[in-house]
Amino acid sequence: MQHEHAYDHAAIESRWQARWADADVYRMPDNATDPAYVLSMFPYPSGDLHMGHVRNYTITDAYARYQRMCGEQVLHPMGWDSFGLPAENAAIERETHPREWTLDCIDTMRDQMQRMGFGIDWEREITTCEPEYYRWNQWLFKRFHEAGLAERKGGEVNWCRSCETVLADEQVEGEAGETPEESHGDGGAAGVCWRCGTPVETRTLDQWFLRITEYADELLDAIDDLEGWPENVKGMQRNWIGRQKGATVEFDTAYGPVEVFTTRLDTLYGATFFALAPNHGVTREIVADDPDLAAAVDDLDSAADGEGKRGVFTGEHAINPATGEKIPIYVAEFVLADVGTGALMGVPGHDERDHEFAVEHDIEIRQVVAPAEAVAGDGADANGDETGGVEGDGEADDTGGADGGRVDVREAAYTADGVLVNSGEYDGLSSAAARDRLVENLDSAAHEVQYRLRDWLISRQRYWGTPIPVVHCPDCGPVLVPDEELPVELPEFVPTPTGNPLEEVESFVHTECPDCGAPAHRETDTMDTFVDSSWYFLRFVSPHSEDAPFDTERATDWLPVDRYVGGVEHAVMHLLYARFFMRVLDDLGLLGVEEPFERLTNHGMVLLDDAKMSKSKGNVVSPEEILEQYGADTARLFMMGVAGPETEFNWTERGVRSSHAFLERLLETARGSASEATEARGTDEASEESTTGETNGTGEVGERPIDEYVARETDAAVAAATADYEAFRFDDALREARSLVSLLGRYRDRGPTDHDVFERGLRTAIELLAPVVPHVAEECWDVLGGDGLVAAADWPTPTGDAAYEAERRLVENTREDVRHILDVAGIDDPETIEVVVAPDWKHRALELASEGDGDAVGAVMADPELRERGEAAAEFAKSLDASYLSGEHLSPDREFEALSRAAWLVREEFDTDVRVERAADADEELAGRARPDRPAIEIYEA
RNA sequence: GAGGGAGUAGCCAAGCGGCCAACGGCGCGGGUCUUAAGAACCCGUCCCGUAGGGGUUCCGGGGUUCGAAUCCCCGCUCCCUCACCA
């Protein structure tokens, strides 16, 4: 059941959206100097905004608005990551063109964003599927190519036998139970074709790659300096790059030397078998004239994971380069072609996986490394050679099967470093030293660094992407299209039952070689869409530039993006590719910045009933509905108030309603204040009634403690909320703003208010709320007769330099103490509550003690005046512990003022008389009980 | 298995060396307002206590420190990423 809206959000929102547009508030001039660059990851235009988008953009919008109010020039742009497979699918399904479908979706989503009130500079909108944008993908591709960073080479890709086409990884559907998560890059996925269900094979085809591996070290090492990035993202990137330092070494075989990579060269003497990947070159040679063996190898499943260590003995042997021993060569399932060299030395004594294989195939297990303490215990010559060496060598610890310094490698592999045994001349060396020594001594051995990161395969055999600007000439080979001929535009879309539609467009394919003019055919592959998103944040700097992808000078000034907000799912791909692009562009002299994103925030998910919202599960709350029912501000306020940006939270109807109710109240309060101001002007009738009990203060409206209290709280709220906005703690900032509104409500309800105090409070609250609920804030601002737009107003600054925190704490603690006393003492009907601030000398003593070096009593008693206090001073000094000393303290005057201002709260709560006094004006005994931060309290019963 | 993160009162969730018995929200209890309900607002919500006190807490166990939810070590549990990675 819906109750009627006390405010017409639809009218208010569209009114202010129009006003913002008219006033061009979000326009970012090109001549700005180092503006605040606040960015949300741009969306794929799927057709509808979902809650995740709304949360994402609300976060950046609120921060951008806050920054703008702080006087910053703010770049908060939006664009569309609009190439990609779904559009192609949708076009086929709906018998339309991917471009039309995409542009329709963009229109819908732009409209939704505008209705959400996101303050975006639409003049800078970019759409990656437009030639104006993707021509620069092509241009950049050429620059990469010139720098030797784009190359064509054989790559493993997914191939569907039935469709006779290459499939992008996304076009490979996972088998039972597996989610077809995105995994770009190399092929090898085990799955089925998305169109026909045929199991996907792997083929090696010539494809275009960007050589990101050239930047592996740089990208990895620079992660340490990304201080504004979350640890998990940094960890994922490190992991993904996967640098591993070790060594290569060759084993001789009847088919020539075969290289292996190992991180544990020190275990070389323990190598008792040799293993090849099923599709290793040497495997093919061995198998070539042995059909039985070939069949056995064929039977191995290279995609098998986990259980069992299947393998086939080839009958061949390899020569251990260190010992000259002959060891059996196996073809093993667990050896992967694309890891290391596709071949490995098996050391069952010191590698768990090898151990398992050896046990299954009855291979000798030999110990060649012992825990350091075991060797020392034997009195063996441990040699003490700790020259250190290769990165990543760990201290010998007792992991991996060591037990009391003794290990039995027949039981389990001992995988830790230690001291060499059974290793001839290397016995007694530490693992690390042995690794270095072996590399020195063996001709075929060399230090080697390996990466998990592979070059980035950007070729995609589909229509809806950036055409790779290459022409294949029978004579000249692949030739790049000259810059003047860019962009290579996509031809009309012709749906084809299978394969890449581009191949079917003769007018596109048939062309001339730019070099020799001979008939040639155009490359029909398009680029991975991650190319588009690897530099889009640069395009926003000069979105209409026609002679460069972006203005170098301006980009160098504006970048990096100050705050980048998006989902964790882009932790590796997008964010790594973008970092790669930036570094290349920097090296090419097109940019003077190396890292794209200064501070990165991964927003949490929006849940419904503890589950991720998803269309397939049907548990989706559509922004469209919320927009209609409650309005944009309600949705924004709820999302921002319920949790910090990184925390996931549950969408609840209740929460939404309470946010909506708050906005209604706020609006009523503003309207009430405005009408009161007009009516009651001059009507200063004394309603002294409610002020008669005031002990401190004159009772004149505007000069009463309560007026001062409200004024002070207004400043305190500003101070706190500002710190919260700075720290991206929007939930806390909103709490401050909301509690200020609530205080103002009480202030108004309890009697005559000072109009200036009240209105300043209200205006301030509106300003604090404006970044999150911009429409209602504008409406209130307008009602109150504010100057211009709040969106363009100055962020409030607290007047004075008050210790707001300390004051609030003092007041709160004192109030709690009063309640506590009343409760514990069982006083039901207090008549007077007397609050006495500690005497000056105690404050002075505290000050001296905190300045002194530990000896509080000494420091205090050294002061002649305090010494005169005798016993009392000594006692007090003794009671000062370190935590008390380290705290922030108010002066006696400040304490007195803060408590006086807040006295009305106590008075109201307990319906009693309250007296706040200075020590000098109070009973001596009572004053004696007071300490700084802790006034004495005496309660008199009726 | 490797790397990252986390375990805080009924629940969610801050805090990350002293101001912490520990913010805030939900739930629950009391109160104000109201014809009533709801909303809103105020108070309470580990135990004991007739004056602001005391006791026992922040996964478990050790340690560092005058002082630890906060730092270090060990263990347990959970989440995420990568993974038969040589």
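Excluded from the calculations below are hydrogen atoms, water molecules and symmetry mates; all remaining heavy atoms, backbone and side chain alike, are included. Computed from a predicted structure; not experimentally measured.
Atom CG of A:D911 is surrounded by 12 or fewer heavy atoms from other residues, nucleotides or ligands within 6.0 Å.
Sequence order on RNA chain B of the closest nucleotides to A:A343 and A:R815 puts A:R815 first from the 5' end. In terms of position along RNA chain B, the nucleotide closest to A:G235 lies nearer the 5' end than the nucleotide closest to the other residue of the pair A:A277 and A:G235.
We find that CD of A:E648 is positioned 11 Å from P of B:A14, with the value rounded to whole Å. Regarding A:R243, its CZ atom lies at a distance of 16 Å from the P atom of B:G3, rounded to whole Å. A:L885 has its CG atom 15 Å from the P atom of B:G18, to the nearest Å. The nearest whole Å value for the distance from the CZ atom in A:R746 to the C1' atom in B:A39 is 17 Å. Rounded to whole angstrom, the span from the CG atom of A:D911 across to the C1' atom of B:C42 amounts to 14 Å.
Closest approach to the A:R665 side chain among B:C82, B:G27, B:A40 is made by B:A40 (side chain taken as heavy atoms from C-beta onward).
Because its NZ or CZ atom is both nearer than 6.0 Å to the ring centre of A:F662 and within 45° of the ring axis, A:R738 counts as a cation-pi partner of that residue. Geometrically, A:K842 engages A:F876 in a cation-pi contact, judged by NZ or CZ lying under 6.0 Å from the ring centre and within 45° of the ring axis.
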Please enumerate all protein N or O atoms sitting under 3.5 Å from an N or O of nucleotides 5-7 of chain B, with distances to 0.1 Å.
none

Grab the N/O contacts between the protein and nucleotides 23-25 of chain B below 3.5 Å, and write none if there aren't any.
unit_1: B:G24; atom_1: O2'; unit_2: A:R735; atom_2: NE; d: 3.4
unit_1: B:G24; atom_1: O2'; unit_2: A:R735; atom_2: NH1; d: 2.5

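Within 4.0 Å (heavy atoms only), A:R931 reaches no atom of the nucleic acid at all. As judged by a 4.0 angstrom heavy-atom cut-off over every strand, A:T647 is placed among residues touching the sugar-phosphate backbone only.
With a cut-off of 3.5 Å on both pairing distances, B:C19 has no Watson-Crick or G-U wobble partner at all. With a 3.5 Å ceiling on both atom-pair distances, the Watson-Crick or G-U wobble partner of B:U45 is B:G27. The nucleotide B:C71 finds its pairing partner in B:G63, both defining distances of the Watson-Crick or G-U wobble pair being shorter than 3.5 Å. Partner assigned to B:U32 is B:A40, using Watson-Crick or G-U wobble distances below 3.5 angstrom. Across all strands shown, B:G3 forms a Watson-Crick or G-U wobble pair with B:C80, both key distances being under 3.5 Å.
Not one side-chain nitrogen or oxygen of A:R238 sits closer than 4.0 Å to the OP1 or OP2 atom of B:G3. For the pair A:Q450 and B:C85, the criterion of a side-chain N or O lying under 4.0 Å from OP1 or OP2 is not met. Remark: A:R729 is not in phosphate contact with B:A14, judged by side-chain N or O atoms under 4.0 Å from OP1 or OP2.
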- Note on the structure: In B/S/- notation (B base, S sugar-phosphate only, - none; protein heavy atoms under 4.0 Å), nucleotides 49-54 of chain B written 5' to 3' is BSBBB-
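Ring orientation note: the planes of A:Y7 and A:H660 are close to parallel, at an angle under 30° on the 30°/60° scale. The aromatic rings of A:F728 and A:F730 lie tilted to each other, with the angle between the two planes from 30° to 60°.
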